[in-house]
Amino acid sequence: MPRSLQQAVRRTQVLVAASSAFLSRVNATAICVLSTEADTGLSFARMAARVRSRKNARAHDAEKIKRYLEHARLAYDTVCSRLGTAKVTPTQLREINVKVSELRELLGTRQEIIGGSEWESNPPKTGKPVSRRF
């Protein structure tokens with residue numbers, strides 16, 4: 001093999017290795033972002049539950065609860081729609097599914113608070129946990 005061809009092959013191999021490492025880091029970051037988004041949604045849903053359970057409810061609490069639940073629903077929708085774009089291991093998928101299931105449960109038990117046609121036409125999905133899409 002001519003020397004220039006060998007050099008071209010080596011450069012290509014180096015570029016492929018660098019691209020592979022970069023994509024691996026991007027995927028790891030995507031998984032971390034999805035997990036964090038699910039945690040954020042859970043935090044908002046729990047804050048809504050805490051405000052709702054107060055004994056001395058205030059006039060602005062209903063708006064606050066609605067806002068918290070809207071943020072929680074946005075996080076839920078984001079995780080569900082983006083999970084298929086990341087290459088996750090079975091363990092990572094299980095961890096995210098636990099969070100999504102809990103978030104779905106918290107949102108599903110409070111759907112009467114959000115109300116509105118959007119929630120009624122597009123409620124959180126029930127049944128099977130989120131799975132990878134190819």
Inset, instruction - Could you tell me whether the side chains of Q92 and T89 share a donor-acceptor contact shorter than 3.5 Å? - result: yes

Legend entry - Taking every non-hydrogen atom, the tightest pair across L107 and A72: CD2-CB, 3.9 Å

Legend entry - Sequence neighbours excluded, every pair satisfying side chain to side chain donor-acceptor pair (under 3.5 Å) that has a member inside residues 35-48: S35-K99, D39-K99, R46-E102

Legend entry - CZ on R73 to OG1 on T78, rounded to 0.5 Å: 10.5 Å

Legend entry - Nearest heavy-atom neighbours spanning A48 and I65: O-CG1, 4.0 Å

Inset, instruction - Just jot down the side chain to side chain contact (heavy atoms under 4.5 Å, CB included) partners of V33, sequence neighbours excluded, or say none. - result: T29

Inset, instruction - Calculate, to the nearest 0.5 Å, the distance between atoms CD and OG belonging to Q7 and S4 respectively. - result: 7.0 Å

Inset, instruction - Working to the nearest 0.5 Å, report the span between OH of Y68 and CZ of R50. - result: 8.5 Å

Inset, instruction - May I ask you to test the L69-F44 pair for a side-chain heavy-atom distance under 4.5 Å? - result: no

Inset, instruction - Might you point out which heavy atoms bring A86 and L34 nearest each other, and give the distance in Å? - result: CB-CD1, 4.3 Å

Inset, instruction - Ignoring hydrogens and angles, tell me if any N or O in the side chain of T85 forms a donor-acceptor pair with the backbone of R82 under 3.5 Å. - result: yes

Legend entry - Minimal non-hydrogen separation, A38 against L103, with atom names: O-CD2, 4.4 Å

Donor-acceptor pairs are to be reported for all side-chain atoms of residues 18-27 against protein atoms at under 3.5 Å, with residues two or more places apart or in another chain.
residue	atom	partner	partner atom	Å
S19	OG	L15	O	2.9
N27	OD1	K87	N	2.8
N27	ND2	K87	O	2.8

Inset, instruction - Would you list the pairs meeting salt bridge (Lys or Arg N to Asp or Glu O under 4.0 Å) in which at least one residue belongs to residues 11-21, sequence neighbours left out? - result: none

Legend entry - side-chain contact (heavy atoms from CB on, under 4.5 Å) between R94 and T91, intermediate numbers included: CA-CA 5 Å; R94 232 181 344 269; T91 303; 3.4 Å; yes

